[in-house]
Amino acid sequence: MKIATWNVNSVRQRQPHVTRWLEINSPDLLLLQEIKCETRAFPAESFSSLGYESVAVGQKAYNGVAILSRLPFTVTQRHLPGLELPETGEHQARYVEVEAGGITVGNLYLPNGNSGGADGYAAKLAWMDALTAHARTLLAAETDFILAGDYNVCPTDDDMAPGIMGADDALVRPETRERFRALQWLGLTDAVRAVTPRGSVYTFWDYQAGCWPRDRGLRIDHAMLSPRVAERLLDAVPDRAVRDEVQPSDHVPMVVTLR
DNA sequence: ATGACCCGCGCAGCGGGA
């Protein structure tokens, strides 16, 4: 079973890249983040013609997540349980979850946390707390699951090119990393680090400053596996070749292979 | 080198990204 996650930075800009990638790699599921369109504008037909049915949770201009699957699936969540919604306005489109092939697959786009001042960062931490609580619920029900997507977290200094971010950046602050570790302490496995314990395994390179040619990247896209799923782990690796394509996303797909 | 890019929105330039 092959499950991939990819922040595409606008699905309408990246639709050719996504269909090409599906044709070459044939994952069972592909989790997309930052589709940056309303649900009704999601180009589902271009994927269903390749054998992938989809569920999209979008909003205007920002955020937005979708899951493509060539396996039969049922939608189990369209937002992260336990998050208090703002009193005004719609909640942000950052979570969708399906059950497919006997596994619950959560697709998440965690807030960056660098905009909106102190409130913006507090919202990121609250989101992470809600994710941990949801993971705890799934574990209590003995559900096999994977929580994958753009976490906007560099778990350790090994996950970022030297000097690329200040210590006060929301992606690396101690409170952020502490909450990422809380997921691991529940018993979840960081798939990439289970396969490659040390060294740079980047999934993102900024468009600016020649970050990609100089390999100055970040590891911020992750797949966290529940214990029984972790026992089935064969491989977890980013597909770096995609970053060399014309007009690429700044993230590349990260592919998890299970027995 | 304090530099550099890309997206949506909407038609200039800004907020957001990480």
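All values below were derived from every heavy atom in this structure, side-chain atoms included, with hydrogens, water molecules and symmetry-related copies excluded. Per chain, numbering begins at 1; letters A, B, ... match sequence-line order.
- One P atom belongs to B:dG10, the other to B:dC6, and the distance between them is 22 Å to the nearest Å.
- Listed by chain and number, the residues in a side-chain contact (heavy atoms from CB on, under 4.5 Å) with A:Leu50 are A:Thr19, A:Leu22, A:Glu23, A:Tyr52 (sequence neighbours excluded).
- Remark: P of B:dC5 and CD1 of A:Ile164 are 16 Å apart, rounded to the nearest angstrom.
- Nucleotides B:dA1 and B:dC11 are separated by 41 Å at their P atoms, to the nearest Å.
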Let me have a per-nucleotide readout for nucleotides 6-18 of chain B, 5' to 3', with B, S or -, counting only protein heavy atoms under 4.0 Å.
-> SSSS------SSB

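- Under the side-chain hydrogen bond (donor to acceptor under 3.5 Å, both in side chains) criterion, the residue pairs touching residues 187-197 of chain A are A:Asp159-A:Arg193, A:Asp190-A:Arg219, with sequence neighbours excluded.
- Straight-line distance between the P atoms of B:dG13 and B:dA18: roughly 26 Å, to the nearest whole Å.
- The hydrophobic side chain of A:Val246 is isolated, with no ILVMFWY side chain under 4.5 Å apart from it.
- Between A:Asp150 and A:Arg94, no side-chain nitrogen of the basic residue sits less than 4.0 Å from a carboxylate oxygen of the acidic one, so the salt-bridge criterion is not met.
- Remark: the separation of the C1' atoms in B:dA12 and B:dT2 is 25 Å, to the nearest Å.
- Sorted by first and then second residue, the ring pair (Phe, Tyr, Trp, His ring centres under 6.0 Å) pairs with a member in residues 228-259 of chain A read A:Phe204-A:His251; sequence neighbours excluded.
- Residue pairs meeting the salt bridge (charged side-chain N to carboxylate O under 4.0 Å, His left out) criterion with at least one member in residues 108-133 of chain A, sequence neighbours excluded, are A:Asp129-A:Arg179.
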